[in-house]
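Working notes, beginning with the structure itself.
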Amino acid sequence: MKNVIIFILFLLYATIIFLIPNNIFLLFPLLINIVLWIITKSNMRKTIQNLMRIFPFVLLTFFINCWLDTYINALWMAAKLLLVCNITFIYSQITTVAQIAKTVKKLCMPLKLLNINPEIIEVLVAIALSILPIMKKEYIELKESCRAKNIPMNLKNSKIILSRLLTSYLKRVSEIDEALIEKGYNY
């Protein structure tokens, strides 16, 4: 039950950050993030590395919002996005994939009334969250092999690169499907 409460609080907190007006009240979530970062004893280096990894996405969001709105509002949105990504990183440090999957299963228990099996949802969430690092690893390997073959990763070669990635991902999904069938999992 503790994990369910933490998960719901995390979702509410992340949602509320985007509902806060663009003013000084945004300092409260910043302080909450800092306090949670200290309480969870997150590694500062890992936190900064995580923020640097998502910074290009935040920058892209900033430029799109500058184009659609004023640069002040775009700056506020970028700050909110950084706060949400930071709290997501903190949450990922204190939970495991299995805990998240079990939490989602518990939250989906009312779906039994509609003949939807929450255990299937649990397995799907666990597979989805577990396969993300694998997909990242395969992308890095493809990127390194392209670099070794002196093939630039640009828009011109994107068809070849994306087809290889998609083939690799589909192969991985097929392997997971076969493993589930061999273990007797009936879905």
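None of the values given here were measured: they were computed from a predicted structure.
- Note on Leu82: it does not cluster hydrophobically with Leu60, by side-chain heavy-atom contacts below 4.5 Å among ILVMFWY residues.
- Proximity of a side-chain donor or acceptor of Ser174 to a complementary backbone N or O of Leu170 within less than 3.5 Å is not detected.
- Hydrophobic clustering (side-chain heavy atoms under 4.5 Å, transitive across Ile, Leu, Val, Met, Phe, Trp, Tyr) keeps Leu132 apart from Leu162.
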Please determine whether side chain to side chain contact (heavy atoms under 4.5 Å, CB included) holds for the pair Leu12 and Thr15, giving the CA-CA distance in whole Å, both sets of side-chain angles, and the decisive distance to 0.1 Å. CA-CA 5 Å; Leu12 285 173; Thr15 304; 5.7 Å; no
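- Glu138 and Ser168 form a side-chain donor-acceptor contact under 3.5 Å, judged by distance and modelled atom types alone.
- Taken together through direct or relayed side-chain contacts under 4.5 Å among Ile, Leu, Val, Met, Phe, Trp and Tyr, Phe89 and Leu9 form parts of separate hydrophobic clusters.
- When all heavy atoms of Cys85 and Ile54 are compared, the closest pair comes out as CB-CD1, 3.2 Å.
- By the rule that hydrophobic residues join a cluster once side-chain heavy atoms approach within less than 4.5 Å of another member, Trp67 and Leu59 end up as members of separate clusters.
- Between Val125 and Ala101, the shortest heavy-atom contact is CG1-CA, 3.9 Å.
- Considering every non-hydrogen atom in both Leu26 and Ile17, the closest pair reads CD1-O, 4.4 Å.
- Note: Phe10 and Phe7 have tilted aromatic rings, judged against thresholds of 30 and 60 degrees for the angle between ring planes.
- At most 12 heavy atoms of other shown residues, nucleotides or ligands fall within 6.0 angstrom of atom OH in Tyr71.
- The hydrophobic cluster around Leu19 extends to none of the other residues, as no ILVMFWY side-chain heavy atom falls under 4.5 Å of it.
- Considering only heavy atoms from C-beta on, Lys102 stays 4.5 Å or farther from Asn3 through its side chain.
- Atom-to-atom distance recorded for Met109:CE and Leu111:CG is 10.0 Å, nearest 0.5 angstrom.
- Between Lys80 and Ile20, the closest heavy-atom pair is NZ-O, 2.6 Å.
- Between Trp76 and Pro21, the closest side-chain pair of non-hydrogen atoms is not below 4.5 Å.
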Please walk me through it: do Asn73 and Asn65 pass side chain to side chain contact (heavy atoms under 4.5 Å, CB included)? CA-CA 7 Å; Asn73 286 339; Asn65 280 310; over 6 Å; no
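- In terms of hydrophobic clustering, with Ile, Leu, Val, Met, Phe, Trp and Tyr side chains grouped at heavy-atom distances under 4.5 Å, Ile121 and Leu114 are assigned to a common cluster.
- Closest approach of Leu81 and Phe57 over heavy atoms only: CD2-CE2, 3.5 Å.
- Atoms CG and CG, from Asn33 and Leu83 in turn, are 5.0 Å apart once rounded to the nearest 0.5 Å.
- Considering CG of Leu142 and CZ of Arg164, their distance stands at 7.0 Å, rounded to 0.5 Å.
- Within the 4.5 Å cutoff, the side chain of Val35 has no heavy atoms near those of the Ile38 side chain.
- In terms of heavy-atom proximity, Lys106 sits nearest to Met1 at NZ-N, 3.8 Å.
- With rounding to the nearest 0.5 angstrom, the CD1 atom of Ile16 is 11.0 Å from the CG atom of Leu11.
- Annotation: the span from Ile8 atom CD1 to Ile6 atom CD1 amounts to 11.0 Å, rounded to 0.5 Å.
- Distance check, rounded to the nearest 0.5 Å: NZ of Lys105 to CD1 of Ile120 gives 11.5 Å.
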